[in-house]
Engineer: 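The structure follows.
What you see is a predicted model, and the numbers here were worked out from it, not measured in a lab.
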Amino acid sequence: MARRLPQFVELRITGVDADGRGLGEIDGRPIRVKNALPGERVRARLLRRRRGEWWGETDAVLVASPARHPAPCPLFPRCGGCAVQQLEGAAQLAAKQARLLELLDASGVEVGRLRPPVAGPSYHYRTKARLGVRLVGDAPLIGFREHLSNRVARMDDCLVLAPRLGRLIEPLKALVSGLSVRDAVPQIELAAGDEGCALVVRHLRPLVAGDVDALRRFALRFGVALLTQAGGPETAALLAAPAGRTQRLGYAIPAFGLYLNFHPSDFTQVNLALNRRLVADVVQSLGSPTGMTADLFCGIGNFSLPLARRGHRVLGLEGDGGCIDRAKDNAALNGLGGRCEFSVADLYKAPALPPRLGAVLVDPPRSGLGSALVEALNGRTDRLAYVSCNPATFARDARHFVDLGFNLAEAAVYDLFPHTAHIETFGLFER
């Protein structure tokens, strides 16, 4: 096959990869195609070759899958913010559950009880996003990156962003176009809590006085906290906020009578509505407290504080010192300081843990737990709840726990990111 790109080929789609792309092959070479479903025959526009594989997108569907339906967003599939809008919601959920089961089966792990997948709002659910900024002439584009490209999608709103964030896209274009550093603003992070929004404007050159004034006026006009970031995440600093507001945002978990504050750059679940359901289900699964409960990768206390509200004594460990500060503050704010102990710990180096724990909750990043932490948990508990954002590492770690004498008693998929290939999994392990 010639290497000049783009080029077009016809192929049959035989599977799907972890990012929601259709899988096929031509001339013996694997091809990954966005907006293609198993069983379809498509004409694909090839855009990139990497490590012997071709990557592209569907130019035309020649034979369609019965599961295909019209994408609701006119920017799909060009925009990289969504991967599977060509599937309606129930089919998306079924595909995600099937992917989880496929990975568990490959690891030799059986599920005692597979709960029905849990859905929440399909649109306007996303309360955090990192949007790219790119100049076309003197006019900035602000949006998600395009598929397999550094180009920025030409957006003026977004179906998955919370409305109060989507409404800021057009005003932000006008703001950036008037900055002296408009060609040195690569991204803007947006975050929203139950009340209020915050923006983090990344800039690669120093701001001049006129830039600072323009950013402050924007913050006051639109009622948002505005932070600037000249370097790494640690350089994010508050520039302006409406009267009586700070850079902190917050969200409630009403079933537990809790309110949690967070910094715009902290890790939090972007789907606050479904996060509340996930928290309630995880806490219920751990049952009545028996001894201390460890919450590993505890973040700002998203699970720790609901557990404490239900009577657990909680040891929360996390590698991010800023999140630990927020967790301590949130415990005090909610009157739970006496039931929680939070500390910074490197959880990939076998952290010091009590010899015996009533229960353990883990909510690691995409890399999963790692062998050192799995071994550190061996013999310390008979009940472990695992919240995962990567089914591949969840399946890998599940195999390790089964080898240590646990059963995967139950599992469920939570659709925290509709229209994407992201799979959030909850699993309960019992010895």
Engineer: Residues two or more places apart in sequence or in another chain: which of them pass side chain to side chain donor-acceptor pair (under 3.5 Å) with Arg366?
Structural biologist: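 In terms of side chain to side chain donor-acceptor pair (under 3.5 Å), with neighbours along the sequence ignored, Arg366 is linked to no residue.
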
Engineer: Around atom CD of Glu53, are there more than 12 heavy atoms from other residues, nucleotides or ligands closer than 6.0 Å?
Structural biologist: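 Atom CD in Glu53 is crowded, with more than 12 foreign heavy atoms closer than 6.0 Å.
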
Engineer: Any side-chain heavy atom of Val282 sitting closer than 4.5 Å to one from Phe426?
Structural biologist: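 Yes, at least one pair of side-chain atoms sits under 4.5 Å.
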
Engineer: Donor-acceptor pair, Asp211 side chain versus Val208 backbone, under 3.5 Å?
Structural biologist: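 At least one qualifying donor-acceptor pair exists.
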
Engineer: Can you confirm whether Phe144 sits close enough to Leu131 that some side-chain heavy atom of one is under 4.5 Å from a side-chain heavy atom of the other?
Structural biologist: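 Phe144 vs Leu131: side chains touch.
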
Engineer: Using modelled atom types only, decide if a donor and an acceptor are shared between the side chain of Arg380 and the backbone of Leu353 within a distance under 3.5 Å.
Structural biologist: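 Yes; at least one donor-acceptor contact below 3.5 Å.
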
Engineer: Tell me whether the count of non-hydrogen atoms from other residues, nucleotides or ligands lying under 6.0 Å of CD in Glu234 goes above 12.
Structural biologist: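 Enclosed.
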
Engineer: About how many Å separate CG of Asp320 and CG of Asp266, when rounded to the nearest 0.5 Å?
Structural biologist: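 CG of Asp320 is found 6.5 Å from CG of Asp266.
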
Engineer: Would you compute the distance between atom CZ of Phe429 and atom CG of Leu404 and round it to the nearest 0.5 angstrom?
Structural biologist: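 Interatomic distance, Phe429 CZ to Leu404 CG, rounded to 0.5 Å: 10.5 Å.
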
Engineer: Which atom names give the shortest non-hydrogen contact between Asn330 and Ile300, and what distance separates them?
Structural biologist: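 So the minimum-distance heavy-atom pair works out to ND2-O, 3.2 Å.
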
Engineer: Given 3.5 Å as the limit, does a donor-acceptor pair link the side chain of Thr235 with the main chain of Gly232, or not?
Structural biologist: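 Pair found, side chain donor or acceptor close to backbone of Gly232.
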
Engineer: Search all heavy atoms of His203 against all heavy atoms of Pro206 and return the closest pair with its distance.
Structural biologist: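 Scanning both residues completely, I find the closest heavy atoms to be ND1-CA, 4.4 Å.
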
Engineer: For Arg356, does the CZ atom sit with more than 12 other heavy atoms under 6.0 Å from it, leaving out its own atoms?
Structural biologist: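 Enclosed: over 12 neighbouring heavy atoms sit under 6.0 Å from CZ of Arg356.
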
Engineer: Can you check whether Leu23's main-chain N or O pairs, donor with acceptor, with Thr14's side chain at less than 3.5 Å?
Structural biologist: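 Present.
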
Engineer: So, His147 side chain and Cys82 main chain: donor-acceptor pair closer than 3.5 Å or not?
Structural biologist: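 No.
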
Engineer: Between the main-chain N or O of Leu148 and the side-chain N or O of Arg48, is there a donor-acceptor pair closer than 3.5 Å?
Structural biologist: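 Yes, because the side chain of Arg48 sits within donor-acceptor range (under 3.5 Å) of the backbone of Leu148.
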
Engineer: Are Arg78 and Asn35 linked by a side-chain donor-acceptor pair shorter than 3.5 Å?
Structural biologist: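 Distance-only check fails for Arg78 and Asn35.
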
Engineer: Is the closest basic N to carboxylate O distance between Lys34 and Asp17 below 4.0 Å?
Structural biologist: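 No, Lys34 and Asp17 are not salt-bridged.
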
Engineer: For Val270 and Lys128, which heavy atoms make the closest approach, and how far apart are they?
Structural biologist: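 Taking every non-hydrogen atom into account, CG1-CB, 3.7 Å.
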
Engineer: Verify, without hydrogens or angle tests, whether Thr393 (side chain) and Asn390 (backbone) share a donor-acceptor contact under 3.5 angstrom.
Structural biologist: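 It does hold such a pair.
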
Engineer: What pair of heavy atoms forms the shortest contact from Ala36 to Thr58, and how long is it?
Structural biologist: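 Smallest heavy-atom distance, with atoms named: CB-OG1, 3.5 Å.
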
Engineer: For Arg431, does the CZ atom sit with more than 12 other heavy atoms under 6.0 Å from it, leaving out its own atoms?
Structural biologist: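 Yes, because the 6.0 Å sphere around CZ of Arg431 holds more than 12 heavy atoms from other groups.
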
Engineer: Can you tell whether the side chains of Arg205 and Asp183 come within less than 4.0 Å, N to carboxylate O?
Structural biologist: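 Counted as a salt bridge, because a side-chain N and a carboxylate O are separated by less than 4.0 Å.
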
Engineer: Does Phe297 have its ring centroid less than 6.0 Å away from the ring centroid of Tyr348?
Structural biologist: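 Close enough - the centres of the two rings lie under 6.0 Å apart.
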
Engineer: Hey, are Asp281 and Tyr414 close enough side-chain-wise for a donor-acceptor pair under 3.5 Å?
Structural biologist: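 The answer is yes; a qualifying pair exists.
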
Engineer: Determine the minimum heavy-atom distance between Leu37 and Ala67, stating which atoms define it.
Structural biologist: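 That closest heavy-atom pairing would be CD1-C, 4.4 Å.
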
Engineer: So do Phe401 and Leu369 actually touch side chain to side chain, heavy atoms under 4.5 Å?
Structural biologist: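 Yes, at least one pair of side-chain atoms sits under 4.5 Å.
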
Engineer: Give every donor-acceptor pair under 3.5 Å between a side-chain atom in residues 116-125 and any protein atom, sequence neighbours left out.
Structural biologist:
| residue | atom | partner | partner atom | Å |
| --- | --- | --- | --- | --- |
| His124 | ND1 | Leu159 | O | 3.4 |
| His124 | ND1 | Leu161 | O | 2.9 |
| Tyr125 | OH | Pro418 | O | 3.0 |

Engineer: Would you say Glu189 and Pro264 make side-chain contact, with heavy atoms under 4.5 Å?
Structural biologist: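 A side-chain contact under 4.5 Å is absent here.
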
Engineer: Can you list the steps and then say if Leu114 with Gln97 is a side-chain contact (heavy atoms from CB on, under 4.5 Å)?
Structural biologist: CA-CA 9 Å; Leu114 182 65; Gln97 181 167 276; 3.6 Å; yes

Engineer: Does Asn150 offer a backbone N or O that forms a donor-acceptor pair with the side chain of Arg145 under 3.5 Å?
Structural biologist: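 Such a contact is found between Arg145 side chain and Asn150 backbone.
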
Engineer: Using a 3.5 Å distance criterion without hydrogens, assess whether the side chain of Arg21 forms a donor-acceptor pair with backbone atoms of Gly56.
Structural biologist: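 Between the backbone of Gly56 and the side chain of Arg21 there is no qualifying donor-acceptor contact (under 3.5 Å).
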
Engineer: Would the distance check show the side chain of Arg248 and the main-chain N or O of Asn261 forming a donor-acceptor pair, the cut-off being under 3.5 Å?
Structural biologist: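 No, because the side chain of Arg248 does not come within donor-acceptor range (under 3.5 Å) of the backbone of Asn261.
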
Engineer: Determine, stepwise, if the pair Leu103 / Phe394 fulfils side-chain contact (heavy atoms from CB on, under 4.5 Å).
Structural biologist: CA-CA 9 Å; Leu103 290 165; Phe394 175 81; over 6 Å; no

Engineer: Return each pair, listed once, that meets salt bridge (charged side-chain N to carboxylate O under 4.0 Å, His left out) where at least one residue sits in residues 255-265; pairs must be two or more places apart or across chains.
Structural biologist: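 Sorted result for residues 255-265: empty, none.
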
Engineer: Kindly give the heavy-atom pair with the smallest separation between Ala198 and Leu249, and that separation in Å.
Structural biologist: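 Scanning both residues completely, I find the closest heavy atoms to be CB-CD1, 4.0 Å.
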
